[in-house]
Amino acid sequence: KIEIISGPQDGMIITLTEENLITQWTRDNGSLLSFPWDKELGSPQAVIRYQGGVWEIEPQDALHGLYVMNGGGKISGTNKIEIGQIYRANYTWLKIKNIQAD
């Protein structure tokens, strides 16, 4: 479960399931994590996927990058997602609320 903690969707919870094991964080419509109001987000900004028994996030080649706000700084490459992490890309902030493995 991912909580949106900024912008017009502040407080909304998004649940990723086996139907969406790969999701793009983007400004374009059509993704569970699309934020068209954030005009500086990449298309996509990052890819979130379930692979090898863990959830991962991988920044894409977006202009402003992707940051872990609670201790990680700017990230590159594929990173394991953990409960409590807060990610920021431009004006969009996401907080990881829960992780369950099937």
Side-chain angles (χ1 to χ4, degrees):
K1 294 185 181 201
I2 300 172
E3 180 180 6
I4 301 165
I5 57 172
S6 66
Q9 297 167 309
D10 187 23
M12 177 184 255
I13 303 288
I14 304 292
T15 301
L16 301 179
T17 64
E18 61 272 359
E19 286 95 40
N20 45 47
L21 294 178
I22 299 176
T23 301
Q24 291 185 349
W25 178 354
T26 182
R27 76 172 172 269
D28 297 331
N29 286 322
S31 171
L32 282 174
L33 295 173
S34 62
F35 305 96
W37 57 267
D38 190 345
K39 301 298 183 198
E40 294 189 25
L41 270 181
S43 287
Q45 182 75 32
V47 173
I48 296 173
R49 71 176 69 84
Y50 187 75
Q51 185 169 291
V54 297
W55 284 98
E56 302 172 329
I57 190 166
E58 181 181 7
Q60 302 300 292
D61 292 328
L63 181 62
H64 299 292
L66 180 65
Y67 296 83
V68 177
M69 299 311 295
N70 42 348
K74 188 173 183 178
I75 63 173
S76 61
T78 302
N79 290 262
K80 181 180 175 183
I81 293 174
E82 297 186 28
I83 293 173
Q85 286 178 318
I86 297 172
Y87 293 96
R88 178 183 66 84
N90 305 305
Y91 302 111
T92 308
W93 295 54
L94 303 177
K95 182 176 183 179
I96 306 304
K97 299 290 284 182
N98 188 16
I99 300 173
Q100 289 181 307
D102 291 332

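Note that the numbering runs from 1 along the sequence shown for the chain. No experiment lies behind these values; they were computed from the predicted model shown.
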Participant: How long is the span from the CG atom in L32 to the CD atom in Q24, to the nearest 0.5 Å?
Facilitator: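 Reported to 0.5 Å precision, the distance equals 11.5 Å.
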
Participant: If I take atom CD from residue Q85 and atom CD1 from residue I57, how far apart are they, to the nearest 0.5 angstrom?
Facilitator: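 One finds 8.5 Å between CD of Q85 and CD1 of I57.
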
Participant: Just how far is it from atom CG of L66 to atom NZ of K74, taken to the nearest 0.5 Å?
Facilitator: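 Atom-to-atom, L66:CG and K74:NZ are 9.5 Å apart.
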
Participant: Looking only at non-hydrogen atoms, find the nearest pair between W93 and S6 and report the distance.
Facilitator: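 Looking at all heavy atoms of both residues, the shortest contact is N-OG, 2.9 Å.
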
Participant: Can you confirm whether I4 sits close enough to F35 that some side-chain heavy atom of one is under 4.5 Å from a side-chain heavy atom of the other?
Facilitator: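 In short, these two side chains touch, coming nearer than 4.5 Å.
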
Participant: If two hydrophobic side chains count as joined below 4.5 Å and joins carry through other members, does W25 share a cluster with I75?
Facilitator: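 Yes, it is one cluster - the side chains of W25 and I75 are joined through contacts under 4.5 Å.
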
Participant: Please list all pairs passing the salt bridge (Lys or Arg N to Asp or Glu O under 4.0 Å) test where one or both residues lie in residues 76-89, with sequence neighbours left out.
Facilitator: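 Sorted pair list comes back empty.
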
Participant: Quick one: does W55's side chain get under 4.5 Å of L16's, heavy atoms only?
Facilitator: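 Of all side-chain heavy-atom pairs linking L16 with W55, at least one is under 4.5 Å.
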
Participant: Pairs in or reaching into residues 25-46: which pass salt bridge (Lys or Arg N to Asp or Glu O under 4.0 Å), with residues at least two apart or in two chains?
Facilitator: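 Of all non-adjacent pairs touching residues 25-46, none passes salt bridge (Lys or Arg N to Asp or Glu O under 4.0 Å).
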
Participant: Taking all non-hydrogen atoms of both residues into account, name the closest pair between G42 and A62 and its distance.
Facilitator: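 Heavy atoms of G42 and A62 come nearest at CA-CB, 3.9 Å.
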
Participant: Determine whether I48 and I2 make a side-chain contact, defined as any pair of heavy atoms from C-beta on separated by less than 4.5 Å.
Facilitator: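 Yes, close enough: below the 4.5 Å cut-off.
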
Participant: Who are the side-chain hydrogen bond (donor to acceptor under 3.5 Å, both in side chains) partners of S76, not counting sequence neighbours?
Facilitator: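 Scan of S76 (side-chain hydrogen bond (donor to acceptor under 3.5 Å, both in side chains), adjacent residues dropped) gives none.
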
Participant: Enter the distance from I22:CD1 to Q51:CD here, rounded to the nearest 0.5 Å.
Facilitator: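 One gets 7.5 Å once the value is rounded to the nearest 0.5 Å.
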
Participant: Mark yes or no for whether S31, through its side chain, and T23, through its backbone, hold a donor-acceptor pair below 3.5 Å.
Facilitator: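 No, S31 side chain to T23 backbone: no donor-acceptor pair under 3.5 Å.
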
Participant: With sequence neighbours excluded, tell me which residues meet salt bridge (Lys or Arg N to Asp or Glu O under 4.0 Å) with K97.
Facilitator: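 Result, salt bridge (Lys or Arg N to Asp or Glu O under 4.0 Å) vs K97: E3.
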
Participant: Which heavy atom of Q45 sits nearest to which heavy atom of G65, and what is that distance?
Facilitator: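 Shortest heavy-atom contact: NE2-O, 2.7 Å.
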
Participant: Answer yes or no: is there a side-chain heavy-atom contact under 4.5 Å between L94 and I14?
Facilitator: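 Not touching, per the 4.5 Å side-chain cut-off.
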
Participant: In Å, rounded to the nearest 0.5 Å, how long is the span from CG of N90 to CG of L63?
Facilitator: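 CG of L63 is found 8.0 Å from CG of N90.
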
Participant: Listing request: all salt bridge (Lys or Arg N to Asp or Glu O under 4.0 Å) pairs with a residue in residues 4-13, at least two apart in sequence or in separate chains.
Facilitator: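 Listed by first then second residue: nothing to list.
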
Participant: Which atom pair, heavy atoms only, marks the closest approach of S43 to T26?
Facilitator: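 So the minimum-distance heavy-atom pair works out to CA-OG1, 3.5 Å.
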
Participant: Give me the atom names and distance for the closest heavy-atom approach of W37 to Y91.
Facilitator: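 Heavy atoms of W37 and Y91 come nearest at CH2-O, 3.4 Å.
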
Participant: side-chain contact (heavy atoms from CB on, under 4.5 Å) with Q60: which residues, sequence neighbours excluded?
Facilitator: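 For Q60 the side-chain contact (heavy atoms from CB on, under 4.5 Å) partners, ignoring immediate neighbours, are P44, V47, E58.
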
Participant: Determine the sole option in T15, I83, I96 for which the side chain to side chain contact (heavy atoms under 4.5 Å, CB included) test with K1 is passed.
Facilitator: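 Option passing the side chain to side chain contact (heavy atoms under 4.5 Å, CB included) with K1: T15.
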
